[in-house]
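Notes follow once the structure below has been shown.
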Amino acid sequence: MNALTLPDIAAQASRQSLPLDWVGMCGIAVPVLIDGQRLTAIADAGVSLDDGEARGIHMSRLYLALELLENAALSPMLLRRILQQFLDSHVGLSDAASLSVRTDLLFKRPALVSPLAGWKRYPINIEAHLKNDVFHVELNIQIAYSSTCPCSAALARQLIQQQFVDDFANQALEHASVLAWLGSSKGIVATPHSQRSTATLNLRLNPGVDELPLLSIINEAEAALGTAVQTAVKRADEQAFALANGQNLMFCEDAARRLSMALRRSPDIASLNVRVVHAESLHAHDAVAQSRWVREAL
Ligand SMILES: Nc1nc2c(ncn2[C@@H]2O[C@H](COP(=O)(O)OP(=O)(O)OP(=O)(O)O)[C@@H](O)[C@H]2O)c(=O)[nH]1
């Protein structure tokens, strides 16, 4: 039997001469190593097709370059090596390469008071681009937190004051009866609304950054927000959380400003786009604020 040569359609000339901005594969399952954890991730890998005469790129070469993700910790340098391999395997066809990797980080978080801890999930997307030797990495991180409306808190306080006036009108105030009143439902006749909120951080890293600063950025963001959502919770933790929220009233504008100012201090970040969404329990719609910033060149 004659050995047959496999037809190679990608190597043929295109019927229509037209360069393409991006060609590749989306939704590739890959394992990644981040902060010592092996995680399941989904990758999108592609290159530009600058040779408009070429029929197609070589998908398998991109796919095989992703093997580099298996054994080394995910870092800007590793991403660059993979993108360089994309381009080296497409000489004459492609000038630009990109790779995005999305996964969920899991970090163990301690409870506020009790000696418990639990896992918290942070959805992330890491995107790397290489073109004409210019390389950059962008991080997209989602962080859940709690926000309590300052306006609603002030309105609730006013109602509590009014209830106090009604209940203690024309009476000499006695410590014991005021204390009992404060412990009753009348002492908290109105409560402010609060909501689970989400901050989405889009961050472009400075070129010299060696390691992905995921945990440090998440920690800085949660410290700036003040009331990150909790994991394991006993009553003592819930009480501490109630106190933290009462001391941390914020509109979505407050949250966006705090995050933006805190992240600008990070030396790893070249530019940012912060978007916060407060999924209001007052409304059926969300309160949203956004802040963009680009570090000025030195
Ligand atoms: N370019 C391209 N390839 C596709 C597409 N859909 C499936 N493929 C397949 O991807 C497979 C891998 O492509 P190549 O990397 O060119 O495979 P190959 O020619 O065996 O590998 P090389 O010898 O390295 O070029 C081929 O079997 C293609 O048919 C598509 O839309 N575009």
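In each ligand, atom 1 is the first atom listed, and ligand 1 is the first ligand listed.
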TODO: Look at atom 26 (C) of ligand 1 and say whether a protein heavy atom is found at less than 4.0 angstrom from it.
DONE: no
Task: Check: S114 main-chain N/O paired with D237 side-chain donor or acceptor under 3.5 Å - done: yes
TODO: Return a yes/no value: protein heavy atom under 4.0 Å from atom 2 (C) of ligand 1?
DONE: yes
Open item on the list: Taking 4.0 angstrom as the limit and counting only heavy atoms of I57, give me the atoms of ligand 1 inside it, by number and element.
Closed with: 1 (N)
Task: Pair E220 + R265, salt bridge at N-O below 4.0 Å - done: no
Open item on the list: Using the rule side-chain contact (heavy atoms from CB on, under 4.5 Å), only one of N202, L214, I124 pairs with L139; which is it?
Closed with: L214
Open item on the list: Please determine whether the number of non-hydrogen atoms from other residues, nucleotides or ligands lying under 6.0 Å from atom CD of Q37 exceeds 12.
Closed with: yes
Task: More than 12 heavy atoms from other groups under 6.0 Å of CZ on R292 - done: no
- [ ] Taking atom 9 (C) of ligand 1 as the reference point, report whether a protein heavy atom occurs under 4.0 Å from it.
- [x] no
Open item on the list: Is it the case that the ring center of Y63 lies less than 6.0 angstrom away from the ring center of H58?
Closed with: no
TODO: May I ask you to decide whether D133 forms a salt bridge with R80, counting only side-chain N to carboxylate O separations under 4.0 Å?
DONE: yes
- [ ] Give the residue, atom name and distance (to 0.1 Å) of the protein heavy atom nearest atom 23 (O) of ligand 1.
- [x] R61 NH2, 3.9 Å
- [ ] Would you confirm whether any non-hydrogen atom of the protein falls under 4.0 Å from atom 29 (O) of ligand 1?
- [x] no
TODO: Look at atom 16 (O) of ligand 1 and say which protein heavy atom is nearest, naming residue and atom and giving the distance to 0.1 Å.
DONE: H58 ND1, 3.0 Å
Open item on the list: For atom 32 (N) of ligand 1, which of the options M25, M59, R55 provides the nearest non-hydrogen atom?
Closed with: M59
Open item on the list: I'd like to know if atom 20 (O) of ligand 1 has any protein heavy atom within a distance of less than 4.0 Å.
Closed with: no
TODO: Note the single closest protein heavy atom to atom 18 (P) of ligand 1, along with its residue, its atom name and the distance in Å.
DONE: S60 OG, 4.2 Å
